[in-house]
Amino acid sequence: MSRPLLRFAPSPNGPLHLGHALSALVTWDAAEKLGGTALLRIEDIDRLRCKPEFTDAIFEDLHWLGLDWPEPVMRQSERFGAYRAAARELEEMGLLYPCFCTRADIAARAEGTDPDGAPLYPGTCRHLGAAERQARLARGEKAQYRLDTGAALARTGALSFTVIGPSILDRPQIRYARPERWGDVVLQRKDVPTSYHLSVVVDDAAQGIAHVTRGRDLEAATDIHVLLQMLLGLPEIRYHFHPLLRGADGEKLSKSKGSPSLRQLRDRGWTRADILRQIRRN
Ligand code: GLU
């Protein structure tokens, strides 16, 4: 059997904190148990928030944690051509449409919320005629491109995927995907020709990833990824969702809540063993 590839795929939009350390360690540990290799991928599509110094800090922090990966490291900012090609395939299937709505438009007309708690897109621009779309684009109106999730599901039929856990060596379980709860997700943003969902699916396939290890906060998003894989004819992936580290308030650790970065902990004298102990305690 070939050696399975896994990946750790942080976004360099801030310093890594303990939650990232957990995710990275779960990935390298799973690779070891499966006799595979963990790759590193830099998810830097967000031109405003991602910074080269955060990427350098990721390399440094991971090395400090004792982790290593094969070079070259894939950087999503260098792969816009591949994302455009995937979006074109979906467009040719009639599954991608331009959306001119602003955040305020969507908030005003939202029909409930998606699994992340964001306003669910009401499908306004799905109903625009071809002539109106073309006229607005020709006028230079900025559009993002959305997946027509209902039409996509009509094409694929019901979807399932394989989940492994709580241990990476557990027996696989089959789970149904429910992409419809996300509505028509954005696959190409106004500022870049891709989105998190599109890039992650294209790149997991391009890198030959067999197992995705990710936090439970990304569990629901997997439904969209499975749908995109099926539409684009990409290989199936096995998923392992790990628990999230929580702060004293019971909330997920995050930069915005001021969780200390790994670098700050290191500067305070923490060792790699201290990090591991803290992660295990949680
Ligand atoms: N880049 C994503 C993040 O930092 C994780 C990638 C994934 O597992 O899909 O949250």
Side-chain angles (χ1 to χ4, degrees), residues 4-31 38-51 54-55 57-59 61-62 65 67 69 73-79 82-83 86 114-118 161-165 168 177 179 182 185-187 189 192 194-229 232 234-245 251-257 259 261-262:
L5 296 176
L6 295 86
R7 56 34 170 209
F8 176 57
S11 296
N13 54 16
L16 299 188
H17 53 70
L18 278 171
H20 295 105
L22 167 71
S23 205
L25 291 164
V26 163
T27 305
W28 264 263
D29 184 54
L39 308 181
L40 175 63
R41 181 168 76 225
I42 299 296
E43 301 218 320
D44 55 352
I45 61 168
D46 194 322
R47 286 184 170 133
L48 286 180
R49 295 174 61 219
C50 294
K51 305 235 162 14
F54 291 134
T55 300
I58 287 173
F59 298 149
D61 288 344
L62 294 179
L65 287 174
L67 306 176
W69 51 87
V73 169
M74 180 178 274
R75 293 171 192 244
Q76 292 192 324
S77 55
E78 295 169 357
R79 293 189 35 80
Y83 309 142
D114 71 17
D116 280 349
F161 60 107
T162 304
V163 178
I164 302 181
I168 194 75
W182 289 96
V185 288
V186 173
L187 295 188
R189 299 173 6 175
V192 286
T194 189
S195 68
Y196 160 65
H197 296 305
L198 186 62
S199 301
V200 90
V201 163
V202 168
D203 289 346
D204 282 337
Q207 291 191 293
I209 302 299
H211 294 253
V212 163
T213 48
R214 57 165 57 140
R216 292 213 176 122
D217 54 339
L218 293 175
E219 191 164 349
T222 306
D223 291 354
I224 293 291
H225 305 165
V226 170
L227 174 60
L228 292 175
Q229 284 156 4
L232 294 167
L234 303 176
E236 270 183 48
I237 290 178
R238 294 176 162 209
Y239 289 89
H240 169 72
F241 303 112
H242 64 76
L244 302 175
L245 284 187
E251 290 288 314
K252 181 188 141 189
L253 293 185
S254 73
K255 295 182 271 277
S256 52
K257 299 216 184 70
S259 309
S261 66
L262 293 179

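Each ligand, and each atom within it, is numbered from 1 in the order the structure gives.
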For atom 3 (C) of ligand 1, the option (of Ser199, Ala9, Gly19) bearing the nearest heavy atom:
Ala9

Region of Val212 engaging ligand 1 - heavy atom pairs below 4.0 Å:
neither

Can you spot which of Asp203, Asp204, Thr27 makes a side chain to side chain donor-acceptor pair (under 3.5 Å) with Arg7?
Asp204

Mind checking whether Phe241 and Tyr239 have parallel, tilted or perpendicular rings, split at 30° and 60°?
parallel

Distance to 0.1 Å, residue and atom name: give those for the protein heavy atom nearest to atom 9 (O) of ligand 1.
Tyr196 OH, 2.6 Å

Run the numbers for me: atoms of ligand 1, each under 4.0 Å from some heavy atom of Val200, listed by number.
9 (O)

Side-chain heavy-atom pair Tyr196, Ile224 within 4.5 angstrom cut-off:
no

Any idea which atoms of ligand 1 are less than 4.0 Å away from a heavy-atom of Ser11?
1 (N), 4 (O)

Under 4.0 Å from a heavy atom of Arg214: give me the atoms of ligand 1 that qualify, with their elements.
7 (C), 8 (O), 9 (O)

Between the side chains of Arg49 and Ser11, is a donor N or O closer than 3.5 angstrom to an acceptor N or O?
no

Sub-3.5 Å N/O-N/O distance, Thr213 and ligand 1
no

Can you tell me if Arg7 contacts ligand 1 (heavy atom of the residue under 4.0 Å from the ligand)?
yes

Heavy-atom distance under 4.5 Å between the side chains of Leu187 and Leu228, does that happen here?
yes

